Amino acid sequence: MGLQGDEETGQGFPESPPKPSIFRHNSPLVQVALIGLVCFCCPGMFSALSGIGGGGQVDPTAANNANTALYTTFAVFGILGGGSFLYYNHYHHQAFPIVAGALLGIGAGLLWAAQGAIMTSYPPHERKGAYISIFWSIFSMGGVIGGLIPFTLNFHRTDAVSVNDATYIAFMVFMSIGTVLSLAISHPSRVHRDDGSRCTNIEYSSVSVEAIEILKLFLNWKMLLLVPAYWASNFFYSYQFNNVSGVLFNLRTRGLCNVFYWAAQMVGSIFIGYIMDFSFKSRRTRGLVGIGVVAVLGTAIWGAGVANQLNYSRHDLPTHKLDFKDHTDFAGPFVLYFSYGLFDAMFQSMVYWIIGALADDSEILSRYNGFYKGVQSAGAAVAWQIDTQKVPLLNEIVVNWALLTVSYPLLVVVVMRAVKDDEVEGKSKGTAIPGIH
């Protein structure tokens, strides 16, 4: 370590170590970006495929049943995922990249549980909203690219009702890349913030202890109040994808609308991330304002959705599928679908921010995020099966709107009672690493 001389006394003193780069591999920013890229390639492509409506096929029944089975499995592994994340963090310190790749391949439940823990526990205390926005924008870009794939590969197939084989091949290529990218994720113990604090300080005891801690979540008043928001957060996908996009638009236009649906998610996540991090000095005030903005915007969007739904039903579907070149008729449904994407990102980013505001300890946040993804996936499993049972479309949208509306006051209670304002805003909490300042 070099010395700098004092010109007056001639006494030397140590140089301050250089500030670490935020773009180093083990920085929270890079790790959040990496998990974003994994989700870009894997669930991002899956979301784009689902967004076509019916998985790109004529009859959505097969896709609905597959999604029901898929999300039922995700519900179980999502809740267990928090404990699995902690287990592998502790016992597979050196082999974590290999284990992470295997875990991410097992199912989206484990992937999203790990993603939630990384996204809410790694960022500095005062910038969780910004990091959530970064992740959500990268992930949503996967949906944008995934929307362009069926749009371009089926552009000249104006009368086609299902996508061609090349569309599915392209999706599989991206998903394979995502699996490889998961190997680049660092072990949590190696990740530290710019101020030298560790992002995690997990002390694992035993499988039985972790099982008990997971069961305790079902009696945790904060988690119980958040259940309606968790349940609602993916419940609307089956309605939006199958019964708005799938019913109203032709195949190539569904791909184009998918591009804008996920682009709207990027805009929505950035907008709500700014509100949750920068709008007011008080963290609790920022949370309440964020909930208010989402509630007002959501009420307007879903109200417009009900008005649109009154124009058709399961027994009186539109006879003409809209094309993006049908400028007059296309504009209204397109703006509505774009707004659905905007609201989705704002709502889910807000929920993630609230989870992140409940704790800074990565062990607690791993369980909280696992519980979130488990309940969310259970709701999605039910929703896809409801659509399979041909429930009236007006009933579907009203239930979606009601679930979201019920969640807003409960979110307010959680923020009021459980989100604390720090004496010193922006101070990261963690274990300092010797030699890093």
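Small disclaimer: the values here were computed from a predicted structure and weren't measured. Residue numbers start at 1 and run along the sequence shown.
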Measuring from [X]:[atom1] to [Y]:[atom2], what's the distance to the nearest 0.5 Å?
X	Y	atom1	atom2	result
N311	L393	CG	CG	12.0 Å
I35	S182	CD1	OG	8.0 Å
S349	I272	OG	CD1	7.5 Å
M276	E126	CE	CD	15.5 Å
L225	L411	CG	CG	9.0 Å
I397	L310	CD1	CG	8.5 Å

What pair of heavy atoms forms the shortest contact from [X] to [Y], and how long is it?
X	Y	result
N242	W384	ND2-CZ3, 3.6 Å
S313	L317	O-CD2, 3.0 Å
A232	L403	CB-CB, 3.9 Å
V289	I275	CG1-CG2, 4.0 Å
M266	M141	CE-CE, 3.4 Å
D360	G356	OD1-O, 4.3 Å

Is the side chain of [X] donor-acceptor paired with the backbone N or O of [Y] at a distance under 3.5 Å, no angle test?
X	Y	answer
H192	P28	no
S377	G374	no
D277	A130	yes
S407	L404	yes
S140	A263	no
T285	K281	no
D387	S238	no

Presence of salt bridge, [Y] and [X], under 4.0 angstrom:
X	Y	result
R283	D421	no
D323	R252	yes
E396	R314	yes

Can you confirm whether the side chains of [X] and [Y] place a donor and an acceptor under 3.5 Å from each other?
X	Y	result
Q31	N26	no
Y237	D344	yes
Q309	Y239	yes
S245	Q240	no
Q376	Y71	no
T253	N250	yes

Take T120 and N369 through the side chain to side chain donor-acceptor pair (under 3.5 Å) test and state the conclusion after the steps.
CA-CA 9 Å; T120 57; N369 280 286; 3.0 Å; yes

Side chains of [X] and [Y]: closer than 4.5 Å at any heavy-atom pair?
X	Y	value
F249	K321	no
L34	V38	no
F236	W401	no
F139	Q115	no
L70	F46	yes
Q265	L342	no
L29	Y122	no
L226	L358	yes

Just do the side chain to side chain contact (heavy atoms under 4.5 Å, CB included) check on Q385 and N65 with the steps written out, would you?
CA-CA 7 Å; Q385 197 54 217; N65 288 332; 3.4 Å; yes

Give a yes or no on this: more than 12 heavy atoms of other residues, nucleotides or ligands lie within 6.0 Å of atom [atom1] of [X].
X	atom1	answer
M223	CE	yes
R24	CZ	yes
H320	NE2	yes

Do the ring centers of [X] and [Y] come within less than 6.0 Å of each other?
X	Y	answer
W302	Y340	yes
Y352	F135	no
F324	F330	no

So which of Y230, Y372, W136 actually passes side chain to side chain donor-acceptor pair (under 3.5 Å) with Q348?
Y372

Start with the C-alpha distance between L410 and V415, add both sets of side-chain angles, then the distance that settles side chain to side chain contact (heavy atoms under 4.5 Å, CB included), and finish with yes or no.
CA-CA 9 Å; L410 300 179; V415 170; over 6 Å; no

Are R286 and W353 in a cation-pi contact, defined as NZ or CZ under 6.0 Å from the six-membered ring centre and within 45° of the axis?
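No.
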
Show the atom names and distances, to 0.1 Å, of all donor-acceptor pairs under 3.5 Å that link a side chain in residues 145-152 to residues at least two apart or in another chain.
from : atom 1 : to   : atom 2 : distance (Å)
T152 : OG1    : L148 : O      : 2.8
T152 : OG1    : I149 : O      : 3.2

Could you check F278 against R127 for side chain to side chain contact (heavy atoms under 4.5 Å, CB included), going step by step and ending with a plain yes or no?
CA-CA 9 Å; F278 301 104; R127 290 293 176 265; 3.2 Å; yes

Partners passing side chain to side chain contact (heavy atoms under 4.5 Å, CB included) against S121 (at least two apart in sequence or in another chain)
S362, L365

Could you give me the CA-CA distance, side-chain angles and deciding distance for M119 and I355, then say whether side chain to side chain contact (heavy atoms under 4.5 Å, CB included) is met?
CA-CA 11 Å; M119 190 175 66; I355 293 172; over 6 Å; no

Classify the ring geometry between [X] and [Y] as parallel (under 30°), tilted (30 to 60°) or perpendicular (over 60°).
X	Y	answer
Y408	F347	perpendicular
F334	F260	perpendicular
F241	Y261	perpendicular

